[in-house]
There are 2 protein chains.
Amino acid sequence: MSRLDSFIRRLEAQRACLDCAARLVAGLPGPLLELGLGNGRTYDHLRTLFPDRDIWVCERRVAAHPDCIPPPERLLLGDMRDSLRSAGAAALGGRVVLAHLDPGAGDPAATAALAGELWPLLAPLLRPGAVLVSEPPVAAPTLTALPLPAGIAPGRYHLYRLRCG
Amino acid sequence: MSRLDSFIRRLEAQRACLDCAARLVAGLPGPLLELGLGNGRTYDHLRTLFPDRDIWVCERRVAAHPDCIPPPERLLLGDMRDSLRSAGAAALGGRVVLAHLDPGAGDPAATAALAGELWPLLAPLLRPGAVLVSEPPVAAPTLTALPLPAGIAPGRYHLYRLRCG
């Protein structure tokens, strides 16, 4: 499998998981949180899936397509660990219904390590029953791994539900 | 359609056209030419499709994944227009059997304009019957547009055959 094949499969998995998550949280009110804006493609996809919800975004430094930059009042700039501890993020406490974690820290080991650091900071922002869509795996006793959409190979992307209380 | 949808469709079209081109030139001997290395994903895909052929690459400045950097003797560094006029490229004269043009000049208009400038420099390197896979459209009397692979929307990617003499 070439890097082009692998990249396409990753993006297809990402999209399928976001689409599935949108169905899973359809009945739960609350804002979304995108951890890692990157070029803004998944932010744009979330906007399309959730035209009526607030989408908050954590990013170190914005380098997205100009059409895909969130409004400043929902942008938490800087190191994600600091951002998740900030007053801005605190206002989200217990309300986020869907979080997407794609921190892109470089190699898979660094990304998984960062996810491990972020989870304890992210968890208090989520409401019970929230869905976490994550590129790296996240191990936590309060998270239940959900089945992936049809055609997505195990481990390529991850879908979790936060225990309901 | 979100930017994520659009990006996935572009990559799927790119891969389908490269795979189709590989079948089209299977019986024609000669090297390949990749115009624009980028992150190296399509170079890696071409390597997978053509393990026994030389693949030459034009790129302004290499910024690809370390696993996807061509050997220096087949790398033409600098402005593509200069590279195609260079002695290195001249050695390819009339021998290239498949060229992939993905110059990524920014917006579609700039990319199409660059493709128009590159074509007269690229044409002398191709052998009769060669296939051109191109992200931007290329209009030339010696090129015949080929049908796109199944499922690829017209205009998303382009596939041409150079007239056989």
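Scope of the values below: all heavy atoms of this structure, side chains included, with no hydrogens, waters or symmetry mates. Proteins get letters first, then strands, A, B, ... in listed order; numbering begins at 1 in each.
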Contacting region of B:N39 [heavy-atom separation from chain A under 4.5 Å]: neither

Heavy-atom closest pair, residues A:T48 and B:S2: OG1-CB, 3.6 Å

Connected via hydrophobic side-chain network under 4.5 Å: B:L76 and B:L114: yes

Atom pairs and distances, side-chain donor-acceptor, residues 125-150 of chain A, under 3.5 Å, sequence neighbours left out:
| unit_1 | atom_1 | unit_2 | atom_2 | d |
| --- | --- | --- | --- | --- |
| A:R127 | NH1 | A:P29 | O | 3.1 |
| A:S134 | OG | A:P136 | O | 2.5 |

Positions in residues 3-15 of chain B that reach chain A, provided some heavy atom is under 4.5 Å away: B:R3, B:L4, B:D5, B:F7, B:I8, B:L11, B:E12, B:Q14, B:R15

Path from A:W119 to A:Y160 over hydrophobic side-chain contacts below 4.5 Å: yes

hydrophobic_cluster_shared for A:F50 and A:L37, side chain cutoff 4.5 Å: yes

same_hphob_cluster(A:L35, A:I55) at 4.5 Å side-chain heavy-atom cutoff: no

Connected via hydrophobic side-chain network under 4.5 Å: A:L98 and A:Y43: yes

